[in-house]
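Written below as structure tokens is the structure these notes are about.
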Amino acid sequence: MPERLDEPISRAYQGFCNSDAPYDTRKPPECAQWRLVGKSGTEWRLDASQAAKQTTPVPDVAVSQDGRRVTYLDTQNDYVVRDLATGKYKTFAIQLHGSDPEFVSSRNGRYFAVNFLQSGADSPMLDFTKGRTTYGAWTMAITDDGKRVIDESMASEASSDTKIKLAGRRFRVDAEVGISGAALSPDGRTLAVADDDERVITLDTRTGHVTKLRRLVDEDGAQEIDTVERWLNANEVMVRLSDEADEVYLAAVDVCTGKTRDLDAGDLEYGDVLGAFTEWRKARHRRGPFAEGARYCEYEVTILRAMAASQR
């Protein structure tokens, strides 16, 4: 991989080895190394990154939404954030917890948080501009100026409800709603999340109230929502879905009107990391879950009790 790249990264994926022979994840063979794919389709090996066992579905790499920065765990067990256009990088020494990482980034790519899935440990947030690390609870989303939306219940296995801290206040989500995947709107006032019932929910970050709740349903019910990837504009969010065969689909959901449309997922596969996304081509065929004949059902209910929990 060259020191600098002139084009943004559209996706990243881990290579596959035909052999079942074990390998050192800190020094993976070339076949198992992560690849960065540019908008032109050119690929580069990210040989400085560790690579998990191929049975692990959690990515070791994250790419900013503009495709200009990448973060990964390097072969020295440090987290690295690298600016691909300038070649500059920052190294962050973080205590590892022997668990899979889940990355969350701000829209502008300045901040990356690392959630440790199995440990319940505090999540470090890496500030590329200042080169410093701060710690907080499980991070769901980050604003461009470094404010976090955190899930305080992830640290306690005994908690039956999800407790979210928004705009300095704590709110409790009904236990029936299992939240996963979150994205902040460009103005930071709306949090879009997915839940276990294949619904896209939007929350007002100033009050904690649910503003919309929409269920995505196709004819055979074969697709499941994996996550809310990002906001495409002021009204639409991008949702990633997959089916039993691990086929990946992308859809745009207008959180105001409920209108849903397919997006071209290109060569994106299950486990791949999405980088820069541009709608520059029309889908050649309608294979997504919202093709003609699919059903879209809308529900609007208030599921969030706007109760500020007592300060700890």
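Along the sequence shown, residues are numbered consecutively beginning with 1.
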Audit row: Arg148, Ser123, side chain to side chain contact (heavy atoms under 4.5 Å, CB included) steps and yes/no:
CA-CA 11 Å; Arg148 297 203 246 191; Ser123 300; 4.1 Å; yes
Residue pair [X] / [Y]: nearest heavy atoms and the distance that separates them:
| X | Y | value |
| --- | --- | --- |
| Pro124 | Phe116 | CD-CE1, 3.7 Å |
| Ala51 | Ala32 | CB-O, 3.4 Å |
| Met1 | Leu36 | CE-CD1, 3.7 Å |
| Asp264 | Phe277 | O-CE1, 3.6 Å |
| Val228 | Ala183 | CG1-CB, 4.0 Å |
| Asp246 | Tyr270 | O-CB, 3.4 Å |

How far apart are the C-alpha atoms of Gln50 and Asn77, what are their side-chain angles, what is the distance that settles it, and do they pass the side chain to side chain donor-acceptor pair (under 3.5 Å) test?
CA-CA 8 Å; Gln50 295 191 27; Asn77 274 345; 2.6 Å; yes
Atom [atom1] in [X], atom [atom2] in [Y]: separation rounded to 0.5 Å?
| X | Y | atom1 | atom2 | answer |
| --- | --- | --- | --- | --- |
| Tyr249 | Gln223 | OH | CD | 5.0 Å |
| Asn235 | Thr257 | CG | OG1 | 7.5 Å |
| Arg110 | Thr129 | CZ | OG1 | 4.0 Å |
| Gln14 | Arg35 | CD | CZ | 9.0 Å |

Test item: [X] and [Y] side chains (from C-beta on) under 4.5 Å apart, heavy atoms:
| X | Y | result |
| --- | --- | --- |
| Tyr79 | Thr91 | no |
| Leu46 | Val61 | yes |
| Leu268 | Val248 | yes |
| Leu263 | Met238 | yes |
| Asp262 | Leu250 | no |
| Val255 | Val237 | yes |
| Leu191 | Val193 | yes |
| Arg11 | Val63 | no |

Using a strict cut-off of less than 4.0 Å between a Lys/Arg side-chain nitrogen and an Asp/Glu carboxylate oxygen, indicate whether Arg107 and Asp144 qualify as a salt bridge.
no
Please answer: with hydrophobic residues joined when any side-chain heavy atoms are less than 4.5 Å apart, are [X] and [Y] in the same cluster?
| X | Y | answer |
| --- | --- | --- |
| Tyr111 | Val149 | no |
| Met125 | Tyr135 | no |
| Val114 | Val81 | yes |
| Trp34 | Tyr89 | yes |
| Met140 | Val104 | no |

Could you walk me through whether Ile9 and Leu84 pass the side chain to side chain contact (heavy atoms under 4.5 Å, CB included) check?
CA-CA 9 Å; Ile9 299 301; Leu84 300 173; 3.4 Å; yes
Does Asp187, at its CG atom, have more than 12 non-hydrogen atoms belonging to other residues, nucleotides or ligands within less than 6.0 Å?
yes
Atom CZ of Arg26: over 12 foreign heavy atoms under 6.0 Å
yes
Go through the steps to decide whether Phe128 and Leu126 satisfy the test side chain to side chain contact (heavy atoms under 4.5 Å, CB included), and finish with yes or no.
CA-CA 6 Å; Phe128 179 82; Leu126 319 178; over 6 Å; no
Does the side chain of Asn108 come under 3.5 Å of the side chain of Gln65 through a donor N or O and an acceptor N or O?
no
Distance only, no hydrogens: is a donor on one side chain within 3.5 Å (strictly under) of an acceptor on the other, for Ser242 and Asp226?
yes
Show the numbers, then the answer: is there a side chain to side chain contact (heavy atoms under 4.5 Å, CB included) between Phe112 and Ser106?
CA-CA 7 Å; Phe112 288 87; Ser106 59; over 6 Å; no
Would you say [X]'s side chain and [Y]'s backbone share a donor-acceptor pair under 3.5 angstrom?
| X | Y | value |
| --- | --- | --- |
| Ser49 | Tyr72 | no |
| Glu236 | Ala252 | no |
| Arg4 | Thr86 | yes |
| Thr139 | Ala137 | yes |
| Arg69 | Gly109 | yes |
| Glu7 | Lys39 | yes |
| Asp83 | Gly87 | no |
| Thr260 | Gly258 | yes |

Side chain to side chain contact (heavy atoms under 4.5 Å, CB included) test vs Asp47 passes for just one of Gln33, Lys27, Glu30, namely Gln33
With sequence neighbours excluded, what pairs up with Lys90 under the salt bridge (Lys or Arg N to Asp or Glu O under 4.0 Å) test?
none
